[in-house]
Amino acid sequence: MRPSFAAGPVRNLRFTAGALTNLRRLAPAAILLLARFPVAARAEDLPTHTALNLPFAGYGISIGNSARHSGLRFNWSDDGIEKINGLNVTLWVPGEPLSGTMNGVGIGLGVMGAGEINGLSFGLGGVFGEHALNGISIGGLAIITSGDAAGVTFSGFGVVASGSLTGFNFGGVGCVAGGNMNGASVGPLGLVATGSLSGLNLAGLAAVSGGAVAGLNASIGAVVAKGDIAGLSITAGAIQTAADVAGFTVAGFRTKSDRVTGIDLNVLTTDVRCATGLVTGLYNNVSGRQEGISIGLLNRTSSLFGVQIGLVNIAENNPEGFRALPFLDVHF
């Protein structure tokens, strides 16, 4: 009985093509369609462990579906394994449910898969770890685990973990984590983490976090978070969160947050409740308190404690008759 294919591990992540506020639910659907998960085994599907073992069972060279072995092992399809140490070469896809532990070097001309994989693993079709992937994992199409992945993951299509991704992660389309994504991650389409996103994050369409974003973040479309965004963030689109933005930000479209602190350089607009530092944009709207400098064609704030430079400057805490001034407004 060959493995069945089912929907992916991060069910609460989905792509929405609408407003940027929905981007934190981004999950490349094409990646998830590759996800492969175990189904309950029927009695007639229970694996057999027939193998030729030299010089004896458990050690040396094994040809066949040995359940436990240390040394060199060659098999058509790994099914019901318990523990394999050394070099394991398999030619087809593994049976389900994925089981056991592989330590060392695993090479799959089809798919390399086990309950837990530790070491160097390569699968032309992909690498699947039911519980965990640790070490270097290289998948022609996909890297998928229902647990955590730590180390280096490199996939031609996508990297997907129901848990966290830690280390260096590259997905030809994108990377998705049901937990945190920490380290250096690259996704030409996007990076999505239900938890925090920290380190070096390079995304094409969007870098999206259900928690905080910290480090160096660059994306063509957007950097979006439910929590704080801190560090250096660069995008041609929007930087957006319901929480705070701190550090150095550059956005072609806008920065939208509760509070921005540091240097915030926008081409079109800054739309925040409070601002401390330098903000720029054609239209800068600070609905609460602004401390520092605002530069744009139209600058507006409810409470100015700093400098506005622009064609029209509005500070609602100025005396009546001076609340809208051209070119320069100063209030301390």
Side-chain angles (χ1 to χ4, degrees), residues 2-15 26-39 77-78 88-99 102 105-181 183-194 201-208:
R2 290 298 84 199
S4 61
F5 289 78
V10 193
R11 295 184 180 273
N12 60 320
L13 297 176
R14 56 188 173 84
F15 175 71
L26 173 69
I31 296 177
L32 298 183
L33 289 176
L34 287 179
R36 171 181 172 277
F37 298 96
V39 295
S77 173
D78 296 330
N88 182 64
V89 179
T90 183
L91 302 180
W92 190 229
V93 299
E96 292 192 353
L98 298 178
S99 64
M102 285 191 183
V105 179
I107 300 174
L109 299 185
V111 169
M112 177 55 59
E116 179 179 329
I117 299 179
N118 304 306
L120 171 62
S121 55
F122 169 82
L124 189 61
V127 176
F128 301 123
E130 172 62 18
H131 304 298
L133 291 173
N134 300 303
I136 301 175
S137 302
I138 302 172
L141 287 179
I143 305 289
I144 298 174
T145 175
S146 295
D148 299 332
V152 175
T153 59
F154 187 97
S155 169
F157 194 74
V159 177
V160 180
S162 290
S164 297
L165 288 173
T166 303
F168 176 79
N169 309 293
F170 176 89
V173 172
C175 301
V176 178
N180 301 326
M181 193 180 301
S185 302
V186 181
L189 177 61
L191 302 174
V192 182
T194 299
N201 305 298
L202 305 178
L205 178 61
V208 182

Please check this pair: side chain of T166 against backbone of A150, looking for a donor-acceptor N/O pair closer than 3.5 Å. no
Rounded to the nearest 0.5 Å, what separates atom CD1 in I143 from atom CZ in F128? 8.5 Å
Please determine whether side chain to side chain contact (heavy atoms under 4.5 Å, CB included) holds for the pair N134 and E116, giving the CA-CA distance in whole Å, both sets of side-chain angles, and the decisive distance to 0.1 Å. CA-CA 8 Å; N134 300 303; E116 179 179 329; 4.0 Å; yes
Any residue meeting side chain to side chain contact (heavy atoms under 4.5 Å, CB included) with N180, in chain and number order, not counting sequence neighbours: S164, N182, S196
Is it the case that the side chain of S185 and the backbone of N201 share a donor-acceptor pair, with hydrogens and angles ignored and the cut-off at 3.5 Å? no
Looking only at heavy atoms, what is the nearest atom pair of S146 and E130, with distance? CB-O, 3.1 Å
If you compare all heavy atoms of G95 against all heavy atoms of S77, which two are closest, and at what distance to 0.1 Å? N-OG, 3.9 Å
So which atom in D78 and which in M102 form the shortest heavy-atom distance, rounded to 0.1 Å? OD2-CE, 3.1 Å
If you look at every heavy atom in G172 and P188, which pair is closest and at what distance? O-CG, 3.2 Å
Rounding to 0.5 Å, atoms CZ (F154) and OG (S137) come to a distance of 12.5 Å
Measure across M112 and G106 and return the closest heavy-atom pair with its distance rounded to 0.1 Å. CE-C, 3.5 Å
Nearest 0.5 Å, please: how far is CD1 in I144 from CZ in F157? 10.0 Å
Pairwise distance CG(L191) to CG(L202) - rounded to 0.5 angstrom: 7.5 Å
Pairwise distance CD1(I107) to OG1(T90) - rounded to 0.5 angstrom: 11.0 Å
Report the C-alpha separation of C175 and L165 in whole Å, then their side-chain angles, then the decisive distance to 0.1 Å, and conclude whether the side chain to side chain contact (heavy atoms under 4.5 Å, CB included) test is met. CA-CA 9 Å; C175 301; L165 288 173; 4.3 Å; yes
What distance do N118 atom CG and I136 atom CD1 have between them, rounded to the nearest 0.5 Å? 12.5 Å
Which pair of heavy atoms, one from T153 and one from V159, lies closest together, and at what distance? OG1-CG1, 3.7 Å
